[in-house]
Amino acid sequence: MTVAPLTDLPLWPPTNLDRDPLVPLDAGERRRFAGPVTRVRLPTDATAWLVTRHADVKQMLRHPGFSADLTRPGFPLLRRLAPGAFGDRRGGFIRMDGAEHARLRRMLTAEFMIRNVRRIEPLIRQTVDRALDELHAAGPPADLVTHVALPVPSMVICHLLGVPYADHEFFQERSRTLIDRDAPPERVQRHVRELRDYLHRLVEAKVAAGERADDLLSRLARDRVETGELAVDELVGMAVLLLIAGHETTANMIGLSTLLLLRHPARYAALRDDAGHAEGLVDELLRYLSIVRTGLPRLATEDVEIGGRLIRAGEGAIAVLSLANRDRTAFDRPDEFDPYRAAQQHVAFGFGVHQCIGQPLARAELRIALVELARRFPRLRPAVTAGRLPTRDSSVVYGLDALPVTW
């Protein structure tokens, strides 16, 4: 087999500041990357296989021959890291495999089940109402990202974990660094350490207090740490993961979803008038926007055939969720936003054993925020008519930095 020179391979992920923020890849990029399985060059000068078809992505993400452990040699990293950057990774179970991953994940599964999320919906509604009050007081015009999209999931996850929301600027800044592919390696390393130190102090205080508080970290400290099932450092790692994932993804989905719906005023109005349809609409938004646009990286630990291509042990592969969610063999007219589509089979939350554990919470927050926004602000519209909105192009989780709106 002839091996293409590294420089001839397309660079993944592509940088395109002119792309519409609602389009994961433009037509030219899709021709370049849509495989089904395509060889690409990464910013680290390593290579990897892009897996892009819906069925292939699902096969890859559930196959035990792929590892999520980024410390393995050859893992397809999307940025260079400082020496020793992996540091203390205990508790960060999304980067673990097998029994260790399952052990930690099981401790959280019940917490994020649908019936538990239903119980906290009143809290989510109160949080949304408070954020919409602040949006109203700030404008018009006002920035929807600042007043609604970011604070709603941040306040909810802080309440659930028992993290003081007063510290939100501290952990939001560090969270953004951790998922920014352009952040200097030394800053990434420093912010990881600062975030772990902050949460370590918080967890140790909860353990020492032995308090009967009902937040998640207190319950885990009481029920798992005190019984010896979980080390303090493992709980700290879980807290870091939940804190970051709990607000970054949902915040960006609220911002982008609002922009999309405002471009379709009839659909925005329908959301207000037919709130019962909102659950289906949320899945179509997740499919259409696919905000984890860089994909999910894995390392093959054995030879595996995916999409007719043999991916050998030691090679990197990336499941491109955005292309899988636009695969016409899985979705009719996949490039159209159809609020009445049955889109539940999308892979926006991943697939397999690492599928996002917090998806019931994310769905509830997105649904409630959008419905209440449409009810409170029926005349909402973008405050900018031209020009490019500030977007998070270098982030693993794509989104808007700002969305000025008026009403």
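Owing to the predicted nature of the structure, the values given are computational and were not obtained by experimental measurement.
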For [X] versus [Y], what's the shortest heavy-atom pair and its separation?
X      : Y      : result
Glu365 : Thr250 : OE1-CG2, 3.4 Å
Pro36  : Asp56  : CB-OD2, 3.7 Å
Arg79  : Leu178 : NH2-O, 2.6 Å
Phe33  : Pro14  : CE1-CG, 3.8 Å
Thr406 : Pro382 : CG2-O, 4.2 Å
Gly316 : Leu299 : N-CD1, 4.1 Å

With sequence neighbours excluded, give me every salt bridge (Lys or Arg N to Asp or Glu O under 4.0 Å) pair touching residues 40-52.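 Counting only pairs at least two positions apart or across chains, the salt bridge (Lys or Arg N to Asp or Glu O under 4.0 Å) contacts touching residues 40-52 are Asp45-Arg80.
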Applying salt bridge (Lys or Arg N to Asp or Glu O under 4.0 Å), which residue pairs with at least one partner in residues 149-160 are found, sequence neighbours left out? none
Salt-bridge criterion met for [X] and [Y] (N-O under 4.0 Å):
X      : Y      : value
Glu229 : Arg106 : no
Arg19  : Glu29  : yes
Asp303 : Arg312 : yes
Arg201 : Glu204 : no
Glu248 : Arg392 : yes
Arg187 : Glu173 : no
Glu186 : Arg190 : no
Arg341 : Asp283 : no
Asp215 : Lys206 : yes
Arg298 : Asp97  : no

For residues 140-159, dump all side-chain donor-acceptor pairs below 3.5 Å to protein atoms at least two apart in sequence or in another chain.
| from | atom 1 | to | atom 2 | distance (Å) |
| --- | --- | --- | --- | --- |
| Asp143 | OD1 | Val145 | N | 3.2 |
| Asp143 | OD1 | Leu403 | N | 2.7 |
| Asp143 | OD2 | Thr146 | N | 3.3 |
| Asp143 | OD2 | Thr146 | OG1 | 2.6 |
| Ser154 | OG | Leu150 | O | 3.0 |
| Ser154 | OG | Gln172 | NE2 | 2.8 |

Flag if over 12 foreign heavy atoms under 6.0 Å of [atom1], [X]:
X      : atom1 : value
Leu22  : CG    : yes
Arg379 : CZ    : no
His277 : NE2   : yes
Arg263 : CZ    : yes
Glu305 : CD    : yes

Are Asp393 and Thr391 linked by a side-chain donor-acceptor pair shorter than 3.5 Å?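 Yes, Thr391 and Asp393 have a side-chain donor paired with an acceptor closer than 3.5 Å.
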Taking the six-membered ring for Trp, are His346 and Phe331 ring centroids under 6.0 Å apart? no
Audit row: Arg287, Asp338, salt bridge (Lys or Arg N to Asp or Glu O under 4.0 Å) steps and yes/no: CA-CA 10 Å; Arg287 180 199 72 84; Asp338 179 359; over 6 Å; no
Identify whether NZ of Lys or CZ of Arg in Arg381 sits under 6.0 Å from the centre of the six-membered ring of Trp407 and within 45° of that ring's axis. no
Please confirm whether Arg326 makes a cation-pi placement over Tyr288, using NZ or CZ under 6.0 Å from the six-membered ring centre and within 45° of the ring normal.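 Flagged: Arg326 positioned over aromatic ring of Tyr288.
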Set out, in order, the CA-CA distance, both residues' side-chain angles and the distance that settles side-chain contact (heavy atoms from CB on, under 4.5 Å) for Val405 and Phe377, then state yes or no. CA-CA 10 Å; Val405 292; Phe377 296 87; over 6 Å; no
Could you walk me through whether Glu111 and Arg219 pass the salt bridge (Lys or Arg N to Asp or Glu O under 4.0 Å) check? CA-CA 10 Å; Glu111 298 285 346; Arg219 287 198 300 277; 2.5 Å; yes
Determine whether a donor-acceptor pair (N or O, by modelled atom type, separation under 3.5 Å) exists between the side chain of Arg272 and the backbone of Tyr268.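 A pair under 3.5 Å: no.
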Does the side chain of Asp26 reach to within under 4.5 Å of the side chain of Asp18, using non-hydrogen atoms?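 A side-chain contact under 4.5 Å is absent here.
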